[in-house]
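Throughout, protein chains are lettered first and strands after them, A, B, ... in sequence-line order, and every chain is numbered starting at 1.
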There are 2 protein chains.
Amino acid sequence: MDYSRLSVSERRFLPPAVAVSSVAFALRPPVGALIGVVGADGVSFGRGERRASVDRLDRDRDASEAALWLPLVRRTRPPFEGDWALPGGPIPWDETLVDTALRTLRAAVRRDPGYLEQLYSFGAIERSAEAQRLVTIAYWALYGESQLDPDAGPERDEVDPNVAWFSADRLPSLAFDHTEIVAYALGRLRSKTEYSAVAHRFLGESFTLAQLREVREAILGEQVDPANFRRQALAQGTLVETGATQTGTRHRPARLYRFRHGAETSRISGPAVVPATAPSQNRRKTS
Amino acid sequence: MDYSRLSVSERRFLPPAVAVSSVAFALRPPVGALIGVVGADGVSFGRGERRASVDRLDRDRDASEAALWLPLVRRTRPPFEGDWALPGGPIPWDETLVDTALRTLRAAVRRDPGYLEQLYSFGAIERSAEAQRLVTIAYWALYGESQLDPDAGPERDEVDPNVAWFSADRLPSLAFDHTEIVAYALGRLRSKTEYSAVAHRFLGESFTLAQLREVREAILGEQVDPANFRRQALAQGTLVETGATQTGTRHRPARLYRFRHGAETSRISGPAVVPATAPSQNRRKTS
DNA sequence: GCAAAAGTGTTACAGGTACACCCATGC
DNA sequence: GCATGGGTGTACCTGTAACACTTTTGC
């Protein structure tokens with residue numbers, strides 16, 4: 001069963017192989033990570049700087065600057081050798097889909113994500129022209145401050161030159177149909193922040209309502225009224241006041257909140273979690 | 001690459017195989033099709049009768065009777081030989097995921113579905129204990145009156161004894177984790193009727209608003225106010241009056257509507273169709 | 001005429017948006 | 001004090017639920 005013995009033309013007719021690829025979003029690259037900048041003459045690189053905290057977000061960027069980042073891996077073998085691709089890999093016979101996603105993300109980012117959910121399965125036949133047919137099961141993930149915290153990651157290790165973080169709206173050309181997958185994941189992230197509570201997963205354990213609102217604004221790309229956001233967020237019943245307040249600001253200190261434990265079971269969203277019958281409309285009285 | 005030469009223990013360690021399975025809903029079994037009834041001592045069978053039209057729905061059933069039906073296929077080989085399973089099969093190297101779903105559905109139902117959309121990918125490692133690891137990409141489909149019309153299907157052929165239609169809430173025990181897949185598909189169908197227009201796909205080319213409302217009630221399992229439903233349905237702008245009216249009723253004839261052409265591109269929903277940024281809330285004025 | 005369902009009108013209520021306004025802190 | 005953002009109050013608007021009411025057919 002050694003596929004490598006086969007010629008290209010033989011591999012062409014094999015049953016499809018299954019792989020997992022993940023789109024992992026974060027509001028900033030991890031400290032010390034390689035940062036890819038797409039220019040006119042290819043990709044140049046920098047290093048992720050240390051930042052004080054998330055509340056510097058709004059001051060660090062103007063409206064045009066990117067707010068979402070994601071890690072890519074440079075391919076070291078055909079097809080698409082040398083191109084950037086989403087973290088991922090083939091599924092071993094004894095590993096769950098989720099476990100494959102987590103393992104490959106861990107290999108690229110050196111950390112576990114704060115959230116993981118299946119996105120879609122892509123299986124167009126023209127995916128790779130000469131090689132074996134490939135079916136890709138895409139996942140999307142979030143890395144929050146808790147996960148990106150320098151203390152959490154083993155930052156002392158030397159940096160893998162084949163892993164870099166890119167701004168989500170300035171990506172290089174990607175291997176396979178990964179560009180399409182990223183676009184779909186972005187849409188899902190935006191749509192999910194509309195009706196579900198995911199924004200807090202970008203933040204640390206405790207946060208102010210202004211920070212939560214800024215995350216939402218960054219994802220949706222539009223301004224949100226602070227007063228109304230406050231009421232709506234608190235009305236959900238998923239936030240708990242910690243009692244502590246923010247310090248070091250040059251204005252009235254904001255209260256710190258945390259997400260209610262148990263309001264969400266796990267960091268991994270499975271198929272059982274249907275978008276919820278939620279509001280539903282126009283039900284007739286049970287007369 | 002002949003898998004059948006391998007022993008069971010060898011197959012156990014192969015890379016996962018990919019298959020497609022589909023949950024296909026209809027409001028009634030096709031005329032002449034085999035109908036499976038789950039009793040205390042196994043499954044007994046009947047035959048689908050000819051019915052006048054969909055507007056008999058409400059009179060044919062009381063509240064407790066099932067409203068949704070789906071086709072199952074009896075497995076003729078291990079694993080789970082003899083058990084009922086969702087229509088589907090492995091993915092050939094040169095076929096799209098959607099095409100595999102359509103082909104296997106066509107083989108079981110003898111018709112093309114009126115709607116098809118990817119559901120979820122299931123890949124738990126304990127799926128089949130002794131055989132090769134299996135990753136299942138699940139689809140869900142709808143068969144409407146237009147598709148179930150006896151003139152549309154080749155009903156003169158002898159009936160396949162290994163295909164039968166079952167009431168969605170009285171299913172036999174299914175092969176693999178197909179019970180879980182059906183439950184998930186049901187949830188998706190309900191959730192999708194809440195925010196999207198899918199109910200009309202159960203009906204023919206033209207239909208009354210009462211029929212559309214009855215489909216919605218059948219799916220959601222609750223009464224809907226006719227007056228408000230009328231206004232909301234028409235306000236969507238997706239319905240067009242045909243000019244014709246219903247005849248043969250013993251009350252005021254209802255106007256017939258059809259779905260606006262172009263309001264939806266295709267019967268196949270791909271990944272590009274994101275649930276839409278839709279309502280979105282609390283956007284601040286661009287001051 | 002009577003029954004039954006189609007179709008219209010109208011009111012009450014809930015939730016969201018916009019925005020005025022007060023509060024607490026740093027400088 | 002003044003600037004700045006945190007936090008509260010409130011009027012307005014929109015969409016929905018509820019239900020009374022009129023219309024049009026079959027019998």
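Partners of B:Tyr257 under the ring pair (Phe, Tyr, Trp, His ring centres under 6.0 Å) rule, at least two apart in sequence or in another chain, do not exist in this structure.
Looking at every heavy atom in both residues, A:Arg28 comes nearest to A:Leu148 through O-CD1, 3.4 Å. Closest non-hydrogen pair, B:Gln118 versus B:Arg188, comes out as O-NH2, 3.5 Å.
Put simply, CZ on A:Phe229 is 18 Å from P on C:dG15, counting in whole angstrom units. Across the protein-nucleic acid pair, A:Leu234 atom CG and D:dG6 atom P stand 13 Å apart, rounded to whole Å. Taking atom CD on B:Gln223 and atom C1' on D:dA18, their separation rounds to 15 Å, with Å as the unit. Going from atom CG of B:Asn228 over to atom P of C:dT10 covers 15 Å, rounded to whole Å. Put simply, CG on A:Asp225 is 16 Å from P on D:dG9, counting in whole angstrom units.
One donor-acceptor pair, N or O on each side, does fall under 3.5 Å between the base of D:dG9 and the side chain of A:Arg231.
Judged purely by distance below 3.5 Å, without hydrogens or angles, the side chains of B:Ser206 and B:Thr242 never pair a donor atom with an acceptor atom.
Annotation: the span from B:Arg252 atom CZ to B:Thr245 atom OG1 amounts to 10.5 Å, rounded to 0.5 Å.
Taking the six-membered ring where the residue is Trp, the centroids of A:Trp69 and A:Tyr143 are separated by 6.0 Å or more.
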Tabulate protein N/O versus nucleotide N/O from nucleotides 4-7 of chain C, keeping only pairs under 3.5 Å, one per line.
{"residue": "C:dA6", "atom": "N3", "partner": "B:Arg252", "partner atom": "NH1", "Å": "3.3"}
{"residue": "C:dG7", "atom": "OP1", "partner": "B:Arg255", "partner atom": "N", "Å": "3.0"}
{"residue": "C:dG7", "atom": "OP1", "partner": "B:Arg255", "partner atom": "NE", "Å": "3.4"}
{"residue": "C:dG7", "atom": "OP2", "partner": "B:Arg230", "partner atom": "NH2", "Å": "2.4"}
{"residue": "C:dG7", "atom": "O5'", "partner": "B:Arg230", "partner atom": "NH2", "Å": "2.9"}

